[in-house]
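Okay, structure first, notes after.
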Amino acid sequence: MIEFQVKDKRFSRCGNRQLPCGARPVLEYAVRETVEFTFDFDLDAQALHTLSGDSMPLQSGEPMLFATGIGTGARKLQFEIDTMNQSFLEKCRSFHQKLYLEIAEKKNGSDRILLQDWIECSPRVNVSGTPPEPVTSYYTAAEVDARLAQISGGGEPPDLSEYAKKSELPQKLSQLENDSAFLSDAPADDALYGRQNGQWTALVATEENYSAAEKAKLAELPSAAELDQRFADLATGEVDLSGYYTRAETDALLAQKPDRDELPEVPDTYSRSEIDAMFGAFEQAAAAVIGEPQ
């Protein structure tokens, strides 16, 4: 923050430096800065206070900077200055260029000038000598200092003594110790186990392990003894095949089936005249059978 003392509308001090003999502060392009002014008289707390700055006194057009003041005491005003604008970029073309400042007090349509003095301004240049475009994704030095000052402990890093380092954390499950709430390994045999009452219990295939639908499907299947008997019957020829055709009977029945070539051709569709002719023949045949005159 830049601090000025104002007397008779002129700078008398800037921080610890006596003005106007001492070096004046410099505002660069594309910076944000807080500036505080202390006057030698009481300010009107109901009035609006504005700070404007330009390369020439009372120059027309867009000023290089403009801000509204906030009263921080009976005789103090604070302004948040932002030089990242097109007017500052276009008008500030050389180092240690004069920047004329003016503070006005506005109330009920009348203005009172509280300050008319100057400081210096400079462009930020690259190797080509032209001012660069604003870099909005970075903090200025003043913004970084302000944020560091807000950290607890006066800028000291926070206390991390209660936290473990990454190198201190276990990297493998074998480094962990199980307690009573964790599972232990199941018995190393071929049986199937489940957890019951905090212990491993072997699973036995009984009817209690199946649902009602599964039990109904199982009931339809032959038992092992029934399957063995059926295989034995097949080996001795005692299987009842009375409900089946023999190969000879099947061949005889197939021999009675007419071939496709022997079937008469039936047209897929009939025309209207063919349908009318068939109905006429049907009516004549019916009349002859019934005996009615045609």
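Each residue takes its place number in the sequence, starting with 1.
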Please examine the side chains of Glu3 and Thr38, heavy atoms only from C-beta on, and report whether any two atoms are closer than 4.5 Å. no

Which heavy atom of Asp54 sits nearest a heavy atom of Pro63, and at what distance? OD2-CA, 3.6 Å

Anything under 30° is parallel, anything over 60° is perpendicular, the rest tilted; go ahead and classify Phe4 against Phe37. parallel

Apply salt bridge (Lys or Arg N to Asp or Glu O under 4.0 Å) to Asp44 and Arg112, showing your working. CA-CA 11 Å; Asp44 188 345; Arg112 181 170 67 133; over 6 Å; no

More than 12 heavy atoms from other groups under 6.0 Å of CG on Asn16: no

Are side-chain heavy atoms of Thr72 and Glu36 found at a separation under 4.5 Å? yes

What one should report as the nearest heavy-atom pair of Cys92 and Ser122 is SG-C, 3.4 Å

Please evaluate residues Thr68 and His49 with respect to the criterion side-chain contact (heavy atoms from CB on, under 4.5 Å), reporting the C-alpha separation (whole Å), side-chain torsions for both, the decisive distance (0.1 Å), and the verdict. CA-CA 6 Å; Thr68 302; His49 299 92; over 6 Å; no

Find out whether Val31 and Ile81 are in side-chain contact, i.e. whether some heavy atom of one side chain is under 4.5 Å from a heavy atom of the other. no

How long is the span from the CG atom in Leu99 to the NZ atom in Lys91, to the nearest 0.5 Å? 10.5 Å

From CA spacing to verdict: salt bridge (Lys or Arg N to Asp or Glu O under 4.0 Å), Asp40, Lys7: CA-CA 6 Å; Asp40 58 346; Lys7 184 176 182 180; 5.9 Å; no

Just verifying a value: how many Å separate Gln86 CD and Leu89 CG, rounded to the nearest 0.5 Å? 5.0 Å

Report the C-alpha distance between Thr50 and Lys106 in whole Å, list the side-chain angles of each, state the deciding distance to 0.1 Å, and finish with yes or no for side-chain contact (heavy atoms from CB on, under 4.5 Å). CA-CA 8 Å; Thr50 60; Lys106 303 175 184 292; 3.6 Å; yes

How close do Ser55 and Gln97 get, heavy atom to heavy atom, and via which atoms? CB-NE2, 3.6 Å

Rounded to the nearest 0.5 Å, the CZ atom of Arg93 sits from the OH atom of Tyr29 at a distance of 10.5 Å

Nearest heavy-atom approach of Arg75 to Phe41 is CG-O, 3.1 Å

Tell me if the CD atom of Gln46 is crowded by more than 12 foreign heavy atoms within 6.0 Å. no

Indicate the atoms forming the closest heavy-atom contact of Ser87 with Glu62, along with that distance. OG-O, 2.8 Å

Validation row: Arg13, Leu19 side chains within 4.5 angstrom (heavy atoms): no

Answer with yes or no whether the hydrophobic clustering places Leu51 together with Phe39; edges join I, L, V, M, F, W, Y residues whose side-chain heavy atoms lie under 4.5 Å apart. yes

Spatial distance of atom CD (Glu33) from atom CD (Glu143) [nearest 0.5 Å]: 9.5 Å

Between Ser52 and Phe66 (side chain of the first, backbone of the second, donor and acceptor by atom type, cut-off under 3.5 Å), is there such a pair? no

How many angstroms lie between OG in Ser110 and CD in Glu105, if you round to the nearest 0.5 Å? 8.5 Å

In one Ile/Leu/Val/Met/Phe/Trp/Tyr side-chain cluster, 4.5 Å: Trp118, Leu115: no

Should Leu114 and Phe11 be regarded as members of a common hydrophobic cluster, given that ILVMFWY residues are connected when their side-chain heavy atoms come within less than 4.5 Å of each other, either directly or indirectly? yes

Give a yes or no on whether the backbone of Glu226 and the side-chain of Gln229 come within a donor-acceptor separation of less than 3.5 Å. no

Quick one: are Glu80 and Arg32 in side-chain contact, heavy atoms under 4.5 Å? no

Which heavy-atom pair separates Cys14 from Ile2 by the least distance, and what is that distance? SG-CG2, 4.0 Å

Report the C-alpha separation of Asp117 and Lys9 in whole Å, then their side-chain angles, then the decisive distance to 0.1 Å, and conclude whether the salt bridge (Lys or Arg N to Asp or Glu O under 4.0 Å) test is met. CA-CA 7 Å; Asp117 210 330; Lys9 302 181 183 180; over 6 Å; no

Less than 4.5 Å apart, side chain to side chain, heavy atoms only: is that true for Asp82 and Phe88? no

Test item: Ile119 and Leu101 side chains (from C-beta on) under 4.5 Å apart, heavy atoms: yes

Atom CG of Leu160 and atom OH of Tyr163: how far apart are they, to the nearest 0.5 Å? 7.0 Å

Indicate yes or no: at least one non-hydrogen side-chain atom of Phe79 is less than 4.5 angstrom from one of Ile103. yes

